Protein chains: 2
Amino acid sequence: MKKKRISITDIAYALHVTPSTVSRALNGGGKVSEKKRLEIIALAKELGYRPNPIAKSLLENKTHTIGLIIPEFTHHFYSRMLAGIESVTSKAGYQLLICTSNENQNQEIKSTLTLLDARVDGILATISKMNDKFEHLQEVLDSGTPLVLVDRFSEEIETPYVISDDFKGAFSAVEYLCQNGCRNILHIKGPDNLSTTFNRFMGYKEALRKHEIELNEHLILEGSDPDLFEKITSCMKNHPLDGAFTYSDYLAFEIYKVASELKIPIPEQLSVIGYADEPISTYINPTLSTVNQQPFEMGVLGAKYLLNRIHDPTIAMETSRVETKLILRESCRNLNN
Amino acid sequence: MKKKRISITDIAYALHVTPSTVSRALNGGGKVSEKKRLEIIALAKELGYRPNPIAKSLLENKTHTIGLIIPEFTHHFYSRMLAGIESVTSKAGYQLLICTSNENQNQEIKSTLTLLDARVDGILATISKMNDKFEHLQEVLDSGTPLVLVDRFSEEIETPYVISDDFKGAFSAVEYLCQNGCRNILHIKGPDNLSTTFNRFMGYKEALRKHEIELNEHLILEGSDPDLFEKITSCMKNHPLDGAFTYSDYLAFEIYKVASELKIPIPEQLSVIGYADEPISTYINPTLSTVNQQPFEMGVLGAKYLLNRIHDPTIAMETSRVETKLILRESCRNLNN
DNA sequence: ATTGCTTGGTCAAACGTTTGACCAACATTC
DNA sequence: GAATGTTGGTCAAACGTTTGACCAAGCAAT
């Protein structure tokens, strides 16, 4: 029941000229008298003519659409990233075609195929957690479709990427703890196989090394451990903990729970720093110090890199490790005041 | 630099048949010998042929794409709604084209035009807050493009919609407070001009009326008041408050802050219920009772209505007022246990 | 009068696909 | 031997747009 939109040929017919002339009048390609040009433009306006981008796409082999593959929408990080992406693509006149992978590799592969089928001009992807296959991404590259990876990347796939500087982010957090008197710092790690988990852990280790604190294996826990609460509890009981750095703000909250149970005051006896600057960090008590990854900016950058690549595929690969910001709130002791 | 994808004519040429034959072989339209059919299918597979949906769109005047206009991504409500929408559209084989309005009417109008230009098969929209013009939406309808409004709607525009039952949601929350001994219940209202603000307020009033509690104007505050904290404080000091119902979880948190300042224990002395079931509600202390609006389900429903309309535009208009769920957590007294 | 240039157009192909109309070859029926 | 039906195809139009090639008319220069 969709109404037929008026086309260039309709205008041509009405004015007894050919579609070519109408096209040139509307796009300013010359070869049309001033009088006809005005006539055509007037009629086009009157009839509410709007060019059909589908026809143009077919001809130009371009869709002015970019595809996005994102694990999910609900984490604050991704919605901010999405907002950043949207802000630049919409300004550049590009449409955004969105697919979710649900952190599921098969769905990611399917989404990739869908976007390729849709002939998007480029793809922006955050690869899913448990990714061990990369053929589908290689296929994107092979097809000549520009690809930019955001947030997570793999060395297996040679393409521009924008990631957060997890190492430095973790390092700055743990160094702050060290500088403010912490010597026994717990770390709760993130999901296995994720470069972010690894890099944050490395940042933790490096900060300890720099401040000549020996690494204590007992102070390192796995966030995915089903007995995490008990593990934290026994860790707190058996070690003179004075600091904690966790892979996420949610894991930091687990520490809050145990500390509350054991009546260990934060920050007086235990300084805590989380990661990601989720909204909850300003609402829990005490407010949580954390590491902000600037997801909006990451999205902006990723989208820009992609557009650059679309406009000139021979351009040198642009990659960024986005700086993090240490956000200090009530959960940390500060020796200086 | 995008590689040319292999087309139906390439296959036709290689096999010395016409494109028509290839098309029929691939789509099973008969008129092709079994032998040729298998040959064609084999070659298509070998060459990695994938049909070009752009060409099909041009022919069919359908894009298998639905447009989404959403105010923003960062509120949990919208990201859940988006997830719900995506879950049904992707299953139905539809692409999702996303635009944000940033709660800005001009941008909403622009987005609408963009989607119409893109020839989407239907539009799903959450109209922006300060909406007083509806011509653009009427234009969508006039163009014959199915439109479904989600979360917010206007009587000016006659189309299917899915909204949350704010009245009942508020009513159930306030009634719960009444049933559990509260007689002096504070209400903090939402933004002006929003039907949700009005309806939640009406629900509040109706619950009081039903439980024969007289409405006290002094117990009703504006969430947008810059001196909200002070207003709440003086309200708590001057009235024997025993309950509070707020337009949002964030406003409920303001009450937490004041209560903490005044050393009023929640829920022992004051029961609090928020609205929206934002993630923070399970992380603040005590955990916050709230009203869940089932945004995921709203998205699912909206998308389904739209798809139904796309498949049969003459179908009767489907609208829903989605039930809310009262989520009881630690912030409310319960007389029964 | 011939050549050459400019202006203002038209024509046709192209993009990839589908589909109704047509058609030749062959088999069947009377 | 003529009419009819079936099988396995081809042809061309259509969707809306752009664009290179062509062309006629008018004019100026030789």
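In what follows, every chain begins at residue 1, and chains take the letters A, B, ... in the order their sequences are listed. Note that the coordinates shown come from a computational prediction; the quantities given were computed from them, not determined experimentally.
Going from atom CD1 of A:Ile11 over to atom P of D:dT18 covers 11 Å, rounded to whole Å. Distance B:Glu39 CD to D:dG9 P: 9 Å, rounded to the nearest Å. Taking atom CG on A:Asp10 and atom P on D:dA14, their separation rounds to 14 Å, with Å as the unit. What separates CG of A:Asn52 from C1' of D:dA14 is a distance of 14 Å, to the nearest Å. D:dA14 atom C1' lies 16 Å from atom NZ of B:Lys56, rounded to whole Å.
Counting atom types as modelled, A:Ser20 pairs a side-chain N or O with a base atom of D:dT19 as donor and acceptor under 3.5 Å. For A:Arg24 against D:dT17, a side-chain-to-base donor-acceptor contact under 3.5 Å is absent.
Nearest to the side chain of B:Lys4, among C:dG16, C:dG9, D:dT18, sits C:dG16. The B:Leu58 side chain lies nearest to D:dC15 when the options are D:dC15, D:dT10, C:dG9. Among C:dG8, C:dC11, D:dT18, the nucleotide with an atom closest to any side-chain atom of A:Ser33 is C:dG8. Side-chain atoms of A:Thr21 lie closest to C:dG9 of the nucleotides D:dG8, C:dG9, D:dA12. Proximity note for B:Ser23 (side chain, C-beta onward) versus D:dT18, D:dG20, C:dT18: the nearest is C:dT18.
Heavy-atom nearest nucleotides on DNA chain D were determined for B:Val17 and for B:Arg119, and the one closer to the 5' end corresponds to B:Val17. If B:Ala55 and B:Thr18 are placed on DNA chain D by their nearest nucleotide, the residue sitting closer to the 5' end is B:Thr18.
Between the side chain of B:Thr9 and the main chain of B:Pro19, no donor-acceptor pair closer than 3.5 Å is present. At least one donor-acceptor pair closer than 3.5 Å links the side chain of B:Thr89 to the backbone N or O of B:Ile85.
Within 4.0 Å of A:Lys31, counting heavy atoms only, lies at least one base atom of the nucleic acid. Backbone-only engagement by B:Asn27 is indicated by non-hydrogen atom pairs under 4.0 Å involving sugar-phosphate atoms exclusively.
Between B:Asp10 and B:Lys4 there is a salt bridge, with a side-chain nitrogen of the basic residue lying less than 4.0 Å from a carboxylate oxygen of the acidic one. Note on B:Lys36 versus B:Glu39: no salt bridge recorded, every NZ/NE/NH1/NH2 to OD/OE distance being 4.0 Å or above.
Open room surrounds OH on A:Tyr13; 12 or fewer heavy atoms of other groups in view lie less than 6.0 Å from it.
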